[in-house]
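Step one of this worksheet: look at the structure below.
Numbers restart at 1 for each chain; the letters A, B, ... are given by sequence-line order, proteins then strands.
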Amino acid sequence: MNLTACLLLSAALFSIGAYGLVTRRNMIAALMSLELMVNAALINFIAFARFGGTHAGQGDAQAGSLFALFAVAVTAAEMALALAIVVAVHRQRRHLDIRELDGLHG
Amino acid sequence: MTLAEFTPLLPDLLLLALALAVLKIDLWSEDGEAGFHLTWIGLAGLALLLAFGSRSDAVFADYHITAASRVWKLLFTLATLATVFLSRPYFRAGGNARGTLAKSGAFFGLLLLCMQGMFALVSAGNLIVFYLGLELATMPIYALAAYQPRDADSAEAGSKYVLMGGFSSALTLFGISFLYGATGSLGFPALEAAVRAAPADPALWGGIFFLLGGLGFKLAMAPLHMWAPDVYQGAPTPVMAFLSVASKAAAVAALATLFLSPLNAVRPDLAPCFAAAAVLSMVAGNLGAMRQKDLRRFVAYSSVAQVGYMLLAMLGEGDGSRAALVYNLVTYGVTGFALYFIMGVIGKEGPETMSGLRGLSRRHPGLAVLLVLCMFSLAGVPPLAGFLGKFMLFSAAAAEGHYLLVGIAVANAVVSFYYYMLVVKEAYIAPPGEAAAIRLRPLQIMVLWGLGLALLVLGVCPAPADWLARAAGN
């Protein structure tokens, strides 16, 4: 394992997540894609903390790991909120198809 | 550290205590009155404390209290206070045709938590604090957008906002991870030094690219503004007001915090980016606003155009830009809230749409005059507040020689005059239906007079502008 491999992995994850977010019709699947994108960023943080970045000189390895921890907590809260909204949408419409969400228009 | 050294931190701590108290107050007070009174008294106190309290700067590890951050905080506090007053009739049975909101404690508590996030955002001295502030300033609004009970539109707005907001957070996070990789540090001073030392690092530019994308979503700058019309239209009107003033101010503050200080060294290279986004936002906002029937949707497009004007200031030099941004946000907030209060008044009996404004000049002449003032101010007609706001933005960009852009912006302001006048036409010329005279509540009369006077005073009297410029520039 080296930095390049980690960055390639995270770039792949990010792209898969972005692709899923755009193409999936089910809202839960879209949220799972979102989670993939966040995980790509987390892998970046850990990889940069472990192997050092592209900068010259000594970096702050602790800061990256710490940021990843905070980001995990924030994302968990975000997903809890998103699922609550998913429940609210399902109650109103009895489906979770994003493309059928077209009640709002000019 | 002694206790006295924490005095500069007092507003932030008091806000946290206030937010937690308001969240819990519904347990004791069933009718929701206590939540409203506690919130507005607390916010008014906080505004006084920020304006006249401790003037000393302080640094608590990565949390910096500066004069500039105090100005931003005062702006957020006043915008939230106006939102709280605006939401008053929406919690009253029969106060709004769309339905009554419930659980005011939770509603105001979420607003205050949002504000706490904005406070952290402008005090950040580190990307962790910055990210946490940005998220805390956004996440409660997901819930607030879906707040209208048993309303499919509101749930749809919430779901669209949470998906788009989540996407923008992921972009921001991904961008920050590359910034960290390029500089090896998350603190702003170290970041600034590293950016200055190696401004051409590809990892740095990857980070800046993603970060700008994420913040662009939050700011609703074109071409990343598609979510704004739907969310503004579906959310309850007070939440729309908060989104369009406080939340927008927070996104502008985020942009200014990063790109006017730690990333200042690369900002000249980013000028084409900001310029393109500014022009696209102005054009997309103005074209979109022309054909809207729903007032909340209209506000969304008009605010996209306003973001375009504000992005011009990102092309100017640091202090002047910051002052222009703050002053423009103040004038936009005053004008916007005057319009939202009018929407709240007509929303009592009918839908908050263009046709709901029909016959306003007969139903309440004073309100119709205020509407005209609002529209003139949004279009930037002197001597109203909006004119001076726009003037400062344009001169910040012109000072750096971006004359072509300023020309495009002025042309757009002229075009926008057309659709703002469409609103006035509805109120004065369109044939009115049978509608009774409007009766205002004392709170509404007081706030509407205050906002109307501020519209005039901020446009002709430069003293507040000077004060803000001096405070925000330092």
Query raised in the report: Between A:Ala40, A:Gly17, A:Ala73, which residue shows the highest count of heavy-atom pairs closer than 4.5 Å to chain B?
Result: A:Ala40
**Report entry** Donor + acceptor pair across side chains of B:Lys218, B:Ser168 (<3.5 Å)
**Finding:** yes
Report task. Kindly say whether the aromatic ring centers of B:Phe167 and B:Phe217 come within a distance under 6.0 Å. Result -> yes
Query - Which of A:Gly64, A:Ala61, A:Gly52 touches chain B most, by non-hydrogen pairs under 4.5 Å - result: A:Gly64
**Report entry** Heavy-atom proximity to chain B below 4.5 Å, by part of A:Asn39
**Finding:** neither
Query raised in the report: Does the side chain of B:Tyr63 come within less than 4.5 Å of B:Phe119's, by heavy atoms?
Result: yes
Report task. Can you tell which part of A:Ala49 gets under 4.5 Å to a heavy atom of chain B, answering side chain, backbone, both or neither? Result -> both
Query - B:Tyr301 ring center near B:Tyr232 ring center (under 6.0 Å) - result: no
**Report entry** Proximal component of B:Phe178, with respect to chain A [non-hydrogen, under 4.5 Å]
**Finding:** both
Query raised in the report: What part of B:Ser169 is in contact with chain A, defined as an atom under 4.5 angstrom from a non-hydrogen atom: side chain, backbone, both or neither?
Result: side chain
Query raised in the report: Would you find more than 12 non-hydrogen atoms of other residues, nucleotides or ligands less than 6.0 Å from B:Phe209 atom CZ?
Result: no
Report summary line: Looking only at A:Leu31, A:Val74, A:Leu66, A:Val38, most heavy-atom pairs under 4.5 Å shared with chain B are made by A:Val74
Query raised in the report: With a 4.5 angstrom heavy-atom cut-off, which part of A:Leu21 approaches chain B: side chain, backbone, both or neither?
Result: side chain
Report summary line: Honestly, the part of B:Ala152 sitting under 4.5 Å from a heavy atom of chain A is both
Query raised in the report: In a check of salt bridge (Lys or Arg N to Asp or Glu O under 4.0 Å) between B:Glu352 and each of B:Arg297, B:Arg296, B:Arg98, which one passes?
Result: B:Arg296
Requested in this report: Heavy-atom distances under 4.5 Å only: say whether B:Asp153 touches chain A with side chain, backbone, both or neither.
Outcome: both
Query - Under 4.5 Å from a heavy atom of chain A, the part of B:Leu132 involved - result: side chain
Query - Part of B:Leu127 lying under 4.5 Å from any heavy atom of chain A - result: both
Requested in this report: Take B:Tyr142 and A:Glu78, measure what side chain to side chain donor-acceptor pair (under 3.5 Å) needs, and give me the verdict at the end.
Outcome: CA-CA 9 Å; B:Tyr142 301 153; A:Glu78 194 163 14; 3.2 Å; yes
Report summary line: dist B:His225:NE2 -> B:Ser303:OG (nearest 0.5 Å) comes out at 10.0 Å
Query raised in the report: Between the side chains of B:Tyr420 and B:Ser302, is a donor N or O closer than 3.5 angstrom to an acceptor N or O?
Result: yes
Query - Pairs of heavy atoms under 4.5 Å with chain B: top-ranked of A:Ser33, A:Ala77, A:Ala63, A:Ala68 - result: A:Ala63
Query raised in the report: Passes side chain to side chain donor-acceptor pair (under 3.5 Å), A:Ser10 versus A:Asn44? Steps please.
Result: CA-CA 6 Å; A:Ser10 94; A:Asn44 265 354; 2.9 Å; yes
Query raised in the report: Side chain, backbone, both or neither: which part of A:Val89 has a non-hydrogen atom closer than 4.5 Å to chain B?
Result: both
Query raised in the report: What option among B:Asp294, B:Leu186, B:Val231, B:Val162 has the most heavy-atom pairs under 4.5 Å with chain A?
Result: B:Leu186
Query - Contact class of B:Asn126 relative to chain A, heavy atoms under 4.5 angstrom - result: neither
Query raised in the report: Tell me, side chain or backbone of B:Ile176 under 4.5 Å from chain A's heavy atoms, or both, or neither?
Result: both
Report summary line: Most heavy-atom pairs under 4.5 Å with chain A, out of B:Ser185, B:Gly166, B:Gly158, belong to B:Gly166
Query raised in the report: With only heavy atoms counted, which part of A:Phe45 is less than 4.5 Å from chain B, the side chain, the backbone, both or neither?
Result: both
Query raised in the report: How long is the span from the CZ atom in A:Phe51 to the CD1 atom in A:Ile46, to the nearest 0.5 Å?
Result: 11.0 Å
**Report entry** Under 4.5 Å from a heavy atom of chain B, the part of A:Ile98 involved
**Finding:** side chain
Report summary line: Answer key: most heavy-atom pairs under 4.5 Å with chain A among B:Tyr131, B:Tyr161, B:Phe210, B:Phe174 is B:Phe174
Query raised in the report: When you check the side-chain N and O atoms of B:Ser355 and B:Thr353, is any donor under 3.5 Å from an acceptor?
Result: yes
Query raised in the report: Salt bridge check: are A:Arg93 and A:Glu100 linked by an N-O gap of less than 4.0 Å?
Result: no
